[in-house]
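Following: one structure in structure tokens, then a few remarks.
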Amino acid sequence: MTSTMGYIWNTLYGWTDTGSGGLLPPSTDSLTQPIGHHVAHPDTKRRMHELISASGLIDSLKQIDAAPAAEADILRVHDQSHYDRILAESALPKGGDAGDGVSPFGHGGHRIAMLAAGGAIEAVRTVVEGQVSNAYALINPPGHHAERSTGRGFCTFNNGAVAAAYARDVLGLKRVAIVDWDVHHGNGAQDIFGGTAEVLNISVHQDRCFPSDSGFREERGHGEGFGYTLNVPLPPGGGSGAYEYAFDTVVLPAVRAYKPDLIIVASGFDASIMDPLARMMMRSEGFRSLVRKLVDLAAEVSQGRLVCLQEGGYSPIYVPFCGLAVIEEMAGVSTGTQDAYTPILGAMGGDKLLEHEREAIDLASVLVSDIH
Ligand code: 3YP
Ligand code: ZN
């Protein structure tokens, strides 16, 4: 057992080709003008990696190489037909789409998606084998919207689900908890693991942000999995006040009741106040306090095993500071770097829990009692 934190980035994660549309495909019919940067252009994640580097934090981390996932790793959680379609479209000269028409990938995109899933596996494997104390995998493309039979919402394969199934089937873990703080609903793990109690899937997200027809508290899993899907939809506008209350009264008690062997975080930074794809008000210090809670929780219930996997986050200027705060906290290192945006963003509110937020979160907290 070492106290060094693991960290994964791969140059090819910065080579995803999200196309020349901004969010929707460019078209003269719909008058969606082509644009230089798609909202999910990989520069945002590369800039986070560069702040980890420029701040000096990288010198305190153990860099782990991502190996591509094997086809069999993907097939633990996805249909063969989904895998084959991605492989086939990846071979086309201009690539294809992961499944919903807003998730473009370029020629060879399959290879990057396999490296992202493989990065998730390596992060989990090195933590469980004790080579590192915990890990952050800055992987791309993201995964948490990908369902068993399709990619969706910029996601090709469900990296977190692939890693959780690997932990269960290959590493022999009995229980894995997924805590999804990406601002969007973790519908993929809900689809894949909704019928089993071997994975606890908790998603804290902006109510009806994306997908707009899922993520409701009433979706609780089915059969043996009933109770092990836990959705915490938050009203728009919430910041660290709402998130900390949701963690203290729902997420932490749920994970404590479940006693997992590993905690995987679907770590998106799109709940930030600067994000174009949601309307929440988190800042870097808010994310730092959330991960602090999870580091302490992991020490209590899962032998410290905590793995963060990158999901969304679309502010190229602000995501890097959120990521730096989270990784500093996990590593137990302070680089002394200040969040340069605090003077602008710090006094805009959102740090106080509001009554309507408390009401929504209290309604979710009663669901914890069904977890054993
Ligand atoms: C996918 C299409 C519209 C919203 C977008 C959400 C992607 C994301 O960050 N998911 O976590
Ligand atoms: Zn998201």
Side-chain angles (χ1 to χ4, degrees), residues 13 16 18-27 30 32 35 37-45 47-48 96-105 109 113 116-117 120 137-147 150-162 178-192 201-215 231-234 236 238 243 246 264-282 286-287 290 308-316 318-320 322-323 326:
Y13 295 157
T16 56
T18 42
S20 52
L23 171 55
L24 298 172
S27 163
S30 53
T32 44
I35 192 170
H37 273 49
H38 186 276
V39 284
H41 189 286
D43 269 5
T44 301
K45 282 152 188 172
R47 287 166 59 91
M48 174 172 151
D97 188 279
D100 60 356
V102 295
S103 307
F105 59 80
L138 180 46
I139 54 179
N140 192 50
H144 78 144
H145 294 309
E147 301 175 352
T150 187
R152 201 175 170 187
F154 313 155
C155 303
T156 305
F157 301 128
N158 195 315
N159 307 313
V162 167
I178 297 174
V179 174
D180 188 327
W181 74 38
D182 184 285
V183 79
H184 304 103
H185 175 221
N187 62 291
Q190 177 170 312
D191 175 67
I192 292 164
N201 182 40
I202 308 174
S203 179
V204 183
H205 48 267
Q206 182 186 326
D207 183 28
R208 288 166 292 168
C209 190
F210 181 85
S212 54
D213 62 351
S214 68
N231 287 315
V232 191
L234 301 176
Y243 275 89
I264 292 176
V265 181
S267 173
F269 296 120
D270 38 16
S272 96
I273 190 166
M274 293 293 280
D275 203 274
L277 291 187
R279 289 296 176 271
M280 303 303 276
M281 294 182 69
M282 286 285 280
F287 285 109
L290 295 189
C308 287
L309 305 178
Q310 188 65 44
E311 295 288 352
Y314 306 100
S315 169
Y318 199 52
V319 162
C322 297
V326 165

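Both ligands and their constituent atoms are indexed starting at 1 by order of listing. Counting from 1, the numbers follow the sequence of the chain as shown.
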For [X] versus [Y], what's the shortest heavy-atom pair and its separation?
{"X": "Asp270", "Y": "His184", "answer": "OD2-ND1, 3.1 Å"}
{"X": "Pro316", "Y": "Pro320", "answer": "O-CD, 3.4 Å"}
{"X": "His144", "Y": "Cys155", "answer": "N-SG, 3.5 Å"}
{"X": "Glu147", "Y": "Gly188", "answer": "CG-CA, 4.2 Å"}
{"X": "Ala161", "Y": "Ile192", "answer": "CB-CD1, 3.9 Å"}
{"X": "Asn159", "Y": "Ala113", "answer": "OD1-O, 4.2 Å"}

**Prompt:** When His185 is tested against each of Gln190, His145, His205 for side-chain hydrogen bond (donor to acceptor under 3.5 Å, both in side chains), which residue passes?
**Reply:** Gln190
So what's ligand 1 close to, N/O to N/O, under 3.5 Å?
unit_1	atom_1	unit_2	atom_2	d
ligand 1	9 (O)	His184	ND1	3.0
ligand 1	9 (O)	Asp270	OD2	3.0
ligand 1	9 (O)	Tyr314	OH	2.5
ligand 1	10 (N)	His144	NE2	3.4
ligand 1	10 (N)	His145	NE2	2.5
ligand 1	10 (N)	His184	ND1	3.1
ligand 1	11 (O)	His144	NE2	2.5
ligand 1	11 (O)	His145	NE2	3.0
ligand 1	11 (O)	Asp182	OD1	2.8
ligand 1	11 (O)	Asp182	OD2	3.2
ligand 1	11 (O)	His184	ND1	3.1

**Prompt:** At distances under 2.8 Å, what protein N, O or S atoms surround the Zn ion (ligand 2)?
**Reply:** Asp182 OD1, Asp182 OD2, His184 ND1, Asp270 OD2
**Side-chain donor-acceptor pair present, Asn140, Thr16, cut-off under 3.5 Å** = yes
**Prompt:** Aromatic rings Phe269 and Trp181: how do their planes relate, parallel, tilted or perpendicular, breaks at 30° and 60°?
**Reply:** tilted
